Amino acid sequence: MINKAIEISEGVYYVGVKDWNRRLFDSLIPLPQGTTYNAYIVKGGEKTALVDTVNPGFEKEFEEKINSITRVEEIDYIIMNHAEPDHAGAIPYILKKNKKAKLITTEKGSKMASIFYNVPNKRIKVVKDGESVTLGNKTLRFIEAPFLHWPETMFTYLFEDKILFPCDFFGSHTAFGFYDIEEIIPFAKRYFGEIMMPFRNMGRKALNKIEELEIKIIAPSHGPIYRNPEKIISFYKKWTNGETEEKVIVLYVSMWGSTEKMIKTLVDVLLAEKIDVCLYNLVTSDIGDIAKDLVDSRALVLGTPTVFGGMHPLAMYGAYLIKALKPPIKYFAILSSYGWGGGAIKQVLDILGSSKIELIDKVEINGPPTQKDYEKIIQVGKKLVEKIRG
Ligand code: FEO
């Protein structure tokens with residue numbers, strides 16, 4: 001196997017790896033196209049920096065790529081933009097081979113480097129927001145961008161080449177492609193929904209901070225590199241602002257078909273009014289797709305039967321995801337059916353009641369829906385349309 005670095009700008013090299021076969025991240029997020037752990041070497045006239053590292057298990061491939069342009073032992077700085085192991089996990093391997101490099105990170109990052117990777121303090125250089133380090137004819141500027149998505153996160157900006165290294169921010173989980181690929185936005189959106197959406201206020205602040213920078217290349221730590229970064233920046237502005245569409249995300253689970261009939265009736269009302277609907281049966285859905293559509297849906301419909309005196313566990317999972325991911329959804333409705341005793345709706349409200357999402361209406365029925373029930377559901381649909389359009 002020939003593992004070689006790829007030059008992305010003069011003296012700037014991609015030394016990351018593709019994880020084609022990984023299918024799950026955080027034991028939670030599906031990766032239909034795998035992912036990448038991007039890392040970069042910046043060679044200045046006097047010094048050399050490594051920007052981020054790779055997931056444990058890829059150290060050899062990573063080392064060979066670095067060695068194709070410099071020697072691991074000769075790296076002067078290791079920039080740790082983020083301490084999560086998919087980017088920082090190979091730091092101990094590099095530091096063991098290289099006795100002189102300093103690890104550059106934020107104050108919070110220095111604590112994490114010590115806790116997660118046993119990096120001694122004498123090998124860490126803490127940088128403050130806006131501080132720079134020169135490599136000779138290349139200058140790295142560090143920009144604190146906390147909670148994207150851990151507290152220690154920062155961006156690195158290579159001034160002369162106008163390259164932003166934002167680590168997870170602007171990232172996407174796909175091993176396909178290398179530079180801006182046509183079909184990247186759905187993957188970037190999915191990634192935003194899964195990872196960045198709960199921190200979108202911090203994302204907005206970070207975007208404001210980099211607004212003045214001239215950026216020719218965005219080199220994130222997952223997915224393709226952007227040589228035309230305007231498009232992804234404009235999407236990130238929309239997503240971090242919580243701008244929603246006339247769109248409803250419907251999450252449901254049905255045991256004997258009653259809840260499904262209720263859901264379909266309501267969906268028909270929405271579609272007839274030309275409201276965009278994303279329908280997910282929680283039994284078979286990929287939660288990454290759900291996260292993607294949570295990014296810009298204006299309303300939510302949750303359908304669940306009562307089982308064991310409460311929500312179906314899959315519906316509970318869906319509701320909990322919504323609470324955790326904090327999407328910009330404004331309105332929601334609940335449809336529920338039960339055999340001999342309700343309880344699901346109360347539990348939905350226990351989970352989502354404290355969120356900022358306004359409950360528009362709820363319908364709970366006993367057994368299969370009757371004509372009267374369908375009429376009620378049609379009214380719920382009309383109320384939702386009014387709110388969405390309002
Ligand atoms: Fe890709 Fe937060 O690590």
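Note that the coordinates shown come from a computational prediction; the quantities given were computed from them, not determined experimentally. Atoms within each ligand, like the ligands themselves, are counted from 1 in listed order.
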**OP:** Please confirm if an N, O or S atom belonging to H87, backbone or side chain, lies less than 2.8 Å from atom 2 (Fe) of ligand 1.
**Re:** no
Subject >> Contact flag D168/atom 1 (Fe) of ligand 1, N/O/S atoms, threshold under 2.8 Å >> reply: yes
Subject >> Parallel, tilted or perpendicular: ring planes of W20 versus F176, cut at 30 and 60 degrees >> reply: tilted
Original post:
Just by distance, with hydrogens left out, do Y37 and D52 show a side-chain donor and acceptor under 3.5 Å apart?
Top reply: no
Subject >> Ring geometry between H173 and F25 (parallel below 30°, tilted from 30 to 60°, perpendicular above 60°) >> reply: tilted
**OP:** Please find out if atom 1 (Fe) of ligand 1 and some N, O or S atom of H222 are separated by less than 2.8 Å.
**Re:** yes
Original post:
Considering all heavy atoms of both residues, which atom of K128 and which atom of E131 are nearest to each other, and what is their separation?
Top reply: N-OE1, 2.8 Å
**OP:** Compute the angle centred on atom 2 (Fe) of ligand 1 spanning NE2 of H149 and NE2 of H82, and express it rounded to 10 degrees.
**Re:** 100°
**OP:** Verify the distance criterion only: is there a donor paired with an acceptor across the side chains of S337 and T259 at less than 3.5 Å?
**Re:** yes
**OP:** Return the name of the atom in E84, of element N, O or S, nearest to atom 2 (Fe) of ligand 1.
**Re:** OE1
Original post:
Checking only N/O/S atoms, does D86 have one that is under 2.8 Å from atom 2 (Fe) of ligand 1?
Top reply: no
Original post:
Would you say C167 has an N, O or S atom lying under 2.8 Å from atom 1 (Fe) of ligand 1?
Top reply: no
Original post:
Ion pair present between K238 and E245, side-chain N to carboxylate O less than 4.0 angstrom?
Top reply: yes
